[in-house]
Amino acid sequence: MNILLTGATGFVGKILTKRLLENGHHVFAVIRNEKKGEKLISSISPKLRNNLFILQGDISDDNLGISEELTSLLRDKIDTVYHSAAYLSFDQNDREKTFNINVNGTRRLLEFSKKINIKKFFYVSTAYTLGEDEFALEELHPLHKTFVNYYEESKCHAEHLAFEYRNAFSVSIFRPAIIIGDSNTGEADTSFGLYGIIKSFELLKRRIEKRERLQHNKFHFLCDPDTTQNLVPVNYVVDILSSAIVHAKRDKIYHITNPNPPTNQLISDLVQAYLGFNNVELSTDLNREMTKEEMLFNEPLKIFHNYMQRNITFVNANTKELLKSSNQSELYMDQPMLKRIIAKGNQFSYA
């Protein structure tokens, strides 16, 4: 099949591009940054490069910045569009940019997809479009609710927007939770989420090693030890996305989530065990008076506090059906898998 893909140079997008090529598809990658496009090409095995086509474009531009001549050439040629490009920021000052890319960019791509007569549109969203709720069905969430940040809100708006085009082509929405490294190798290309936590632990360890008087002190990490973090390996996400070409159903939403997510306490224990560092204790007292070291440790993680204080249940009946029809198993994340990912995450980002 011929597939048009946005976000091909991103964490998920690069792996998805390779998987689609390995499965025999032709991939037309819309890429804004020429150097990143060249890097993507160089990462693809020579025998598959002939099936990868780089389209210089940008979802921030009308018609994606693609010429009318090229648009005409693509008409009736693209079977499926994967829209994985997004702007991920929890900064309240980034609202305009977040909505322009995540909502208006999605609208531009939907209009472009309609113009070239595609058959299927797959929107890669996030499991966290539910706002402050703690229970999520595989259906659209209301727009008029309290969201944790503008990123969540923008993705919820984009989901509603995608479903407005259901009469033009088949639309399916995929909601990954917190994406981490490969379950087999641990490899990842992101510094977000789990990797921000690993970095904070390592930086605290380094500060303490320079101050002998602090080396036996305990430092508090502000989060609920019993709250779970819904971590999903990137290869599991790509397994589901790549299977969707055949097995996804029209008008369905799929939660790509972890049925048995690890607790904050387990994550903390495994990170400290790997670092050989046991000076951190978890605390739910967000108003406690903190030392200078604790403030430096916790400050970068404040944006995740909302997620660290509540357990969320994601219903994933649609995903289970997709996995069954494609002869795949639901994610089982054990401690050895999580240890591999933590170890690799420390090595690649924070040496």
Novice: Does Y82 use its side chain to pair, donor to acceptor, with the backbone of L16 at less than 3.5 Å?
Specialist: no
Novice: So with a 6.0 Å cut-off around CD of E134, is the heavy-atom count from everything else above 12?
Specialist: yes
Novice: Quick check against the 3.5 Å criterion: does K339 have a side-chain atom that pairs as donor or acceptor with the backbone of Y274?
Specialist: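 Flag not set: sc K339 to bb Y274 has no pair under 3.5 Å.
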Novice: Taking the six-membered ring for Trp, are F121 and F169 parallel (under 30°), tilted (30 to 60°) or perpendicular (over 60°)?
Specialist: parallel
Novice: Could you check whether N230 and N258, counting side-chain N and O atoms only, form a donor-acceptor pair closer than 3.5 Å?
Specialist: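 The criterion, which ignores hydrogens and geometry beyond distance, is not satisfied for N230 and N258.
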Novice: Quick one: do R340 and D182 make a salt bridge, cutoff under 4.0 Å?
Specialist: no
Novice: Under a 4.5 Å side-chain heavy-atom rule over Ile, Leu, Val, Met, Phe, Trp and Tyr, are F147 and F90 clustered together?
Specialist: no
Novice: Considering all heavy atoms of both residues, which atom of L231 and which atom of P262 are nearest to each other, and what is their separation?
Specialist: CD1-CG, 3.9 Å
Novice: Under a 3.5 Å threshold, yes or no: a donor from one side chain and an acceptor from the other, between R19 and N23?
Specialist: no
Novice: Measure the CG-CZ distance between L161 and R107 for me, rounded to the nearest 0.5 Å.
Specialist: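 Those atoms lie 5.0 Å apart.
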Novice: Considering non-hydrogen atoms only, spot the tightest contact between G181 and I341 and give its length.
Specialist: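 In this case the closest contact between G181 and I341 is O-CD1, 3.6 Å.
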Novice: A side-chain contact here means heavy atoms from C-beta on lying under 4.5 Å apart; do I312 and F135 qualify?
Specialist: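 No, every pair of side-chain atoms sits at 4.5 Å or beyond.
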Novice: Would you say H25's side chain and M1's backbone share a donor-acceptor pair under 3.5 angstrom?
Specialist: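 Side chain of H25 to backbone of M1, a donor-acceptor pair under 3.5 Å: yes, one is there.
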Novice: For the ring pair F304 and F192, is the centre-to-centre distance below 6.0 Å?
Specialist: yes
Novice: Any chance you could measure Q265, atom CD, to T228, atom OG1, to the nearest 0.5 Å?
Specialist: 13.5 Å
Novice: Using a distance-only test with no angle check, is there a side-chain donor-acceptor pair under 3.5 angstrom linking N235 and S183?
Specialist: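 Checked: N235/S183 side chains pair up, N/O donor to acceptor below 3.5 Å.
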Novice: Treat each ILVMFWY residue as a node, draw an edge where side-chain heavy atoms are under 4.5 Å apart, and state whether L52 and I78 are in one component.
Specialist: no
Novice: Any luck finding a side-chain donor-acceptor pair between S326 and H247 under 3.5 Å?
Specialist: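 Side-chain D/A pair, S326 to H247: absent.
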Novice: Can you confirm whether K320 is buried at NZ, in the sense that more than 12 heavy atoms of other residues, nucleotides or ligands lie under 6.0 Å from that atom?
Specialist: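 At most 12 heavy atoms, drawn from other residues, nucleotides or ligands, come within 6.0 Å of this atom.
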Novice: Tell me every residue that passes ring pair (Phe, Tyr, Trp, His ring centres under 6.0 Å) with F314, counting only those two or more places apart in sequence or in another chain.
Specialist: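 Ring pair (Phe, Tyr, Trp, His ring centres under 6.0 Å) check on F314 returns Y128, H255.
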Novice: Going by distance alone, is a donor N or O of one side chain under 3.5 Å from an acceptor N or O of the other, for E138 and T319?
Specialist: yes
Novice: Ignoring hydrogens and angles, tell me if any N or O in the side chain of R310 forms a donor-acceptor pair with the backbone of D133 under 3.5 Å.
Specialist: yes
Novice: About how many Å separate CD1 of I118 and CG of L4, when rounded to the nearest 0.5 Å?
Specialist: 8.5 Å
Novice: Could you see if V103 belongs to whatever hydrophobic cluster contains Y151? Use Ile, Leu, Val, Met, Phe, Trp, Tyr and a side-chain cutoff under 4.5 Å.
Specialist: no
Novice: Would you compute the distance between atom CG of N149 and atom CG of N306 and round it to the nearest 0.5 angstrom?
Specialist: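 Result: 8.5 Å between the selected atoms.
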Novice: Could you pull out the closest heavy-atom pair between I173 and S125, with the gap in Å?
Specialist: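 Scanning both residues, the minimum pair turns out to be CG2-CB, 4.0 Å.
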Novice: Would a 4.5 Å heavy-atom cut-off, applied to side chains only, mark E202 and I197 as touching?
Specialist: no
Novice: Does atom CG (D334) have a neighbourhood of more than 12 heavy atoms from anything else shown, all under 6.0 Å?
Specialist: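 Correct, the count exceeds 12.
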Novice: Report yes or no: is the cationic atom of R95 (NZ for Lys, CZ for Arg) under 6.0 Å from the centre of the six-membered ring of F99, at an angle within 45° of the ring normal?
Specialist: yes
Novice: Here's a test for you: under side chain to side chain donor-acceptor pair (under 3.5 Å), which of H83, R175, E159, K155 qualifies with Y123?
Specialist: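 Among the candidates, only K155 passes.
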Novice: Do I179 and I253 sit in the same hydrophobic cluster, where Ile, Leu, Val, Met, Phe, Trp and Tyr count as joined when their side-chain heavy atoms come under 4.5 Å apart?
Specialist: no
Novice: Does one side chain, of N217 or E293, offer a donor that lies under 3.5 Å from an acceptor on the other?
Specialist: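 Result is no, nothing qualifies.
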Novice: Assess the side chains of S243 and Q328: does a donor N or O sit below 3.5 Å from an acceptor N or O?
Specialist: yes
Novice: State the CG-OG distance between D285 and S283, to the nearest 0.5 angstrom.
Specialist: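 One gets 5.0 Å once the value is rounded to the nearest 0.5 Å.
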Novice: Would S43 and K39 count as a side chain to side chain contact (heavy atoms under 4.5 Å, CB included) if you check the C-alpha gap in whole Å, the side-chain angles of each, and the deciding distance to 0.1 Å?
Specialist: CA-CA 6 Å; S43 71; K39 189 175 180 181; 6.0 Å; no
Novice: Surrounding NZ of K252 (heavy atoms of other residues, nucleotides or ligands, distance under 6.0 Å), is the total greater than 12?
Specialist: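 No, because the 6.0 Å sphere around NZ of K252 holds 12 heavy atoms or fewer from other groups.
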Novice: Check for me, please, whether L130 and L88 land in the same ILVMFWY cluster - side-chain distances under 4.5 Å, paths through other members count.
Specialist: yes
Novice: Starting from the C-alpha separation in whole Å, work towards a yes-or-no answer on side chain to side chain contact (heavy atoms under 4.5 Å, CB included) for L270 and L266.
Specialist: CA-CA 6 Å; L270 293 179; L266 177 59; 3.9 Å; yes
Novice: Between the side chains of K18 and E22, is the shortest nitrogen-to-carboxylate-oxygen separation below 4.0 Å, so that they form an ion pair?
Specialist: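 A salt bridge is absent here (no side-chain N lies under 4.0 Å from a carboxylate O).
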Novice: Count the heavy atoms of every other residue, nucleotide or ligand shown that sit under 6.0 Å from CD of E69, and state whether that count exceeds 12.
Specialist: no
Novice: Is D79 reaching over with its side chain to a backbone N or O of I3, donor-acceptor style, under 3.5 angstrom?
Specialist: no
Novice: Counting N and O atoms only, with roles assigned by atom type, does the side chain of K218 sit under 3.5 Å from a partner on the main chain of N278, one being a donor and the other an acceptor?
Specialist: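 Indeed, once roles are kept as given, a pair shorter than 3.5 Å links the two residues.
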Novice: Hey, does the side chain of R166 reach the backbone of V171 with a donor-acceptor pair shorter than 3.5 angstrom?
Specialist: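 Side chain of R166 to backbone of V171, a donor-acceptor pair under 3.5 Å: no, none is there.
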Novice: With no hydrogens and no angle check, just 3.5 Å: does a side-chain donor-acceptor pair link D94 and Y87?
Specialist: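 Yes.
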Novice: Looking only at heavy atoms, what is the nearest atom pair of I208 and L214, with distance?
Specialist: CG2-O, 3.7 Å
Novice: Which word best sums up how the rings of F53 and H26 line up, parallel for under 30°, tilted for 30 to 60°, or perpendicular for over 60°?
Specialist: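 The rings of F53 and H26 lie parallel, inter-plane angle below 30°.
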Novice: Whether the N33 and T9 side chains hold a donor-acceptor pair (N or O, under 3.5 Å, no angle test) is what I'd like checked.
Specialist: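 No, T9 and N33 have no side-chain donor paired with an acceptor closer than 3.5 Å.
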Novice: Assess whether a salt bridge exists between K249 and E321, defined as any Lys/Arg side-chain N lying under 4.0 Å from an Asp/Glu carboxylate O.
Specialist: yes
Novice: Indicate the ring-plane relationship of F297 and F221, choosing parallel, tilted or perpendicular according to the 30° and 60° boundaries.
Specialist: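 If you compare the ring of F297 with that of F221, the planes turn out perpendicular.
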Novice: Does R108 offer a backbone N or O that forms a donor-acceptor pair with the side chain of E111 under 3.5 Å?
Specialist: no
Novice: About how many Å separate CG of L204 and NZ of K199, when rounded to the nearest 0.5 Å?
Specialist: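 Going from the NZ atom of K199 to the CG atom of L204 covers 14.0 Å.
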Novice: Any donor-acceptor pair under 3.5 Å linking the side-chain atoms of T129 with those of E152?
Specialist: no
Novice: Okay, side chain of S170, backbone of K119: is any donor-acceptor separation there less than 3.5 Å?
Specialist: no
Novice: Should the heavy atoms of other residues, nucleotides or ligands under 6.0 Å from NZ of K145 be counted, would the total exceed 12?
Specialist: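 More than 12 within 6.0 Å, yes.
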Novice: So, for F174 and F122, is the gap between ring centers shorter than 6.0 Å?
Specialist: yes
Novice: Just by distance, do the side chain of N298 and the backbone of L222 share a donor-acceptor pair under 3.5 Å?
Specialist: yes
Novice: Is the closest basic N to carboxylate O distance between E68 and K115 below 4.0 Å?
Specialist: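 Looking at K115 together with E68, the answer is yes, because their closest N to O distance falls below 4.0 Å.
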Novice: Compute whether any side-chain donor of one residue and acceptor of the other, for E38 and S42, lie under 3.5 angstrom apart.
Specialist: no
Novice: Do the charged groups of D189 and K14 touch, with an N to O distance under 4.0 Å?
Specialist: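 Looking at D189 and K14, the cut-off is met.
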Novice: Would L323 and D239 count as a side chain to side chain contact (heavy atoms under 4.5 Å, CB included) here? Give the steps.
Specialist: CA-CA 9 Å; L323 289 167; D239 286 345; over 6 Å; no
Novice: For T106 and I59, what are the C-alpha separation, side-chain angles and deciding distance, and is it a side chain to side chain contact (heavy atoms under 4.5 Å, CB included)?
Specialist: CA-CA 7 Å; T106 300; I59 61 172; over 6 Å; no
